[in-house]
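Reading through the structure tokens given below for one structure.
Sequence lines set the chain letters: A, B, ... in the order given, protein chains first and strands last, and positions in each chain run from 1.
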Protein chains: 2
Amino acid sequence: MTQQQQQTHPRREEFIERFRRLGLRVTAQRVLVLEALAAAGGHMTADEIMRWVAERYPAINLATIYRTLDLLTSVGLVTQADLGGGASQFELVGATLHHHLVCERCGDMAEIEDALMVPMRERILHQYGFRAGARHMAIFGVCDACLSASRVPALAPGAAETSPASE
Amino acid sequence: MTQQQQQTHPRREEFIERFRRLGLRVTAQRVLVLEALAAAGGHMTADEIMRWVAERYPAINLATIYRTLDLLTSVGLVTQADLGGGASQFELVGATLHHHLVCERCGDMAEIEDALMVPMRERILHQYGFRAGARHMAIFGVCDACLSASRVPALAPGAAETSPASE
DNA sequence: ATCGCTGCAAAAGTTTTGCAGTCGC
DNA sequence: GCGACTGCAAAACTTTTGCAGCGAT
């Protein structure tokens, strides 16, 4: 056995290989961005990636993170989704396919399996020629808790009386 | 779609009534924000609303627009969706129900009718207790044009020996 | 040695917040 | 008149960009 292979970077070689095949230069920064996303196993903001990478490569710069994410997205290795929290969420393609339920009221986020989407996706593809959520999807709505509460959460001072609004 | 009422006195009285019922103060600024959204008939950014209102109420301030939109969203009169274009999109609840297909490649945006979503929505509601996209939904994917142009099917790593996009 | 990539810094754009004055109720 | 609401200004953030130098190939 050559060297014991830490489970922390089981995919480094794979990532490097991908860069090479795409004709892109292999840099420590780029590989680390992919490793960060792989380590998280889910979605991360640019800032979260920044901090993860900075622990291994302190000279990293946030602009580089953004440029790398932009590049990775454009070649299809990473998905970017705006889930309404101010900062975009990035995710490694190939992770377990799932989507996000984002609550418009409380901002809470849940994940749902992809299987639920398949029928709808096929219909969209046929009718609109749009490959919907092949990778990532954000679904806005109202979560269970807020549905039950059905009331304005701590914002409107005198608004706790009738049940208006809905049609 | 149904014929709208005359545009002279659009829905001002209705809007005022809603504020009253919610126990919120009725101000010219708030009513104008709702009128802007009603006039647009679709989604607007905070800045677009700002400019529309400013034509009728020059003293308006962008901070007020944001505070008003925040309030309106929290009481369910307005939806906010982040479609990935930098600024959030706001829309009056009750407009023709539709959703957005946002292309991850070119940023292009298309609208689809709500009917396509109904089955999926019901399944999500039953299984997750989440009222999905009752009002607004963002679906990320790849549009027709980008699909034909630079076909990158799913997650094929070795699919590209073509020179990648280095913007 | 080339030229793509990075770090740095500053800008651009969006959204939030503190505060004093105003206006709806 | 009280207190919610607004205008103003500045801050807090996220993301982008110009440029000089470094480094992968």
Report task. Could you tell me the separation between the CG atom of L77(B) and the CG atom of L24(B), rounded to the nearest 0.5 Å? Result -> 9.0 Å
Query raised in the report: Of T27(B) and N61(B), whose closest DNA chain C nucleotide lies nearer the 5' terminus?
Result: N61(B)
Query raised in the report: Does Q29(A) put a side-chain nitrogen or oxygen below 4.0 Å from OP1 or OP2 of dG7(C)?
Result: yes
**Report entry** Of the listed nucleotides dC5(D), dT6(C), dC25(C), the one nearest the side chain of T64(A)
**Finding:** dT6(C)
**Report entry** Check: E14(B) main-chain N/O paired with R18(B) side-chain donor or acceptor under 3.5 Å
**Finding:** no
Report summary line: A87(B) has its side chain closest, among dT6(C), dT15(D), dT15(C), to dT15(C)
Query - Selection from dG7(C), dT25(D), dC23(C) that lies nearest to any side-chain heavy atom of R20(A) - result: dT25(D)
Report summary line: Checking dT15(D), dT15(C), dT6(D) against the side chain of R30(B) (C-beta onward), the nearest is dT6(D)
Query raised in the report: Touch check for F19(B), heavy atoms < 4.0 angstrom, all strands: base, sugar-phosphate only, or nothing?
Result: nothing
Query raised in the report: Atom CE of M50(B) and atom P of dT15(C): how far apart are they, to the nearest Å?
Result: 14 Å
Report task. For T45(B), check side chain to side chain contact (heavy atoms under 4.5 Å, CB included) against everything at least two apart and list the hits. Result -> D47(B), E48(B), A87(B), Q89(B)
Requested in this report: Any chance you could lay out the salt bridge (Lys or Arg N to Asp or Glu O under 4.0 Å) test for R51(B) and E55(B), step after step, and finish with the verdict?
Outcome: CA-CA 7 Å; R51(B) 285 200 294 271; E55(B) 290 177 10; over 6 Å; no
Query raised in the report: Rounded to the Å, how far apart are D70(B) CG and dA4(D) C1'?
Result: 16 Å
Query raised in the report: In whole angstroms, how far is the C1' atom of dG4(C) from the CG atom of L24(A)?
Result: 10 Å
Query raised in the report: Can you name the nearest heavy-atom pair linking Q80(A) to S88(A), along with the distance?
Result: NE2-OG, 3.1 Å
Query raised in the report: E48(B) has an atom CD; how far is it from atom C1' of dT15(C), in whole Å?
Result: 16 Å
Query raised in the report: Of all heavy-atom pairs between A36(B) and I49(B), which one has the smallest distance, and what is that distance?
Result: CB-CG2, 4.1 Å
I'd like a table of atom pairs between the protein and nucleotides 18-20 of chain D - only N or O on both sides, under 3.5 Å - with the distance next to each one.
{"unit_1": "dG18(D)", "atom_1": "O6", "unit_2": "R67(A)", "atom_2": "NH1", "d": "3.4"}

**Report entry** With V78(B), the side-chain contact (heavy atoms from CB on, under 4.5 Å) member among V33(B), V93(B), L34(B)
**Finding:** L34(B)
Requested in this report: Please state whether the phosphate of dT15(C), meaning OP1 or OP2, lies under 4.0 angstrom from any side-chain nitrogen or oxygen of Y66(B).
Outcome: yes
Query - Length of the line joining Q80(B):CD and dT14(C):C1', which is rounded to integer Å - result: 11 Å
Query raised in the report: For Y57(B) and dC8(D), what is the distance between atoms OH and P respectively, to the nearest whole Å?
Result: 10 Å
Query - First of A28(B) and L62(B) reached from the 5' end of DNA chain C, by closest nucleotide - result: L62(B)
Report task. Would you tell me if any nitrogen or oxygen in the side chain of S88(B) comes within less than 4.0 Å of OP1 or OP2 on dT15(C)? Result -> yes
Query raised in the report: Which comes earlier along DNA chain D counting from the 5' end, the contact point of R25(B) or that of I60(B), where each point is its nearest nucleotide?
Result: R25(B)
Report summary line: Rounded to whole Å, CD of Q89(B) lies from P of dT14(C) at a distance of 11 Å
Query raised in the report: Quick one: does L32(B)'s side chain get under 4.5 Å of W52(B)'s, heavy atoms only?
Result: yes
Query raised in the report: T45(A) near the nucleic acid: base, sugar-phosphate alone, or nothing, with a heavy-atom cut-off under 4.0 Å?
Result: nothing
Query raised in the report: L69(B) CG to dT16(C) C1': how many Å, rounded?
Result: 13 Å
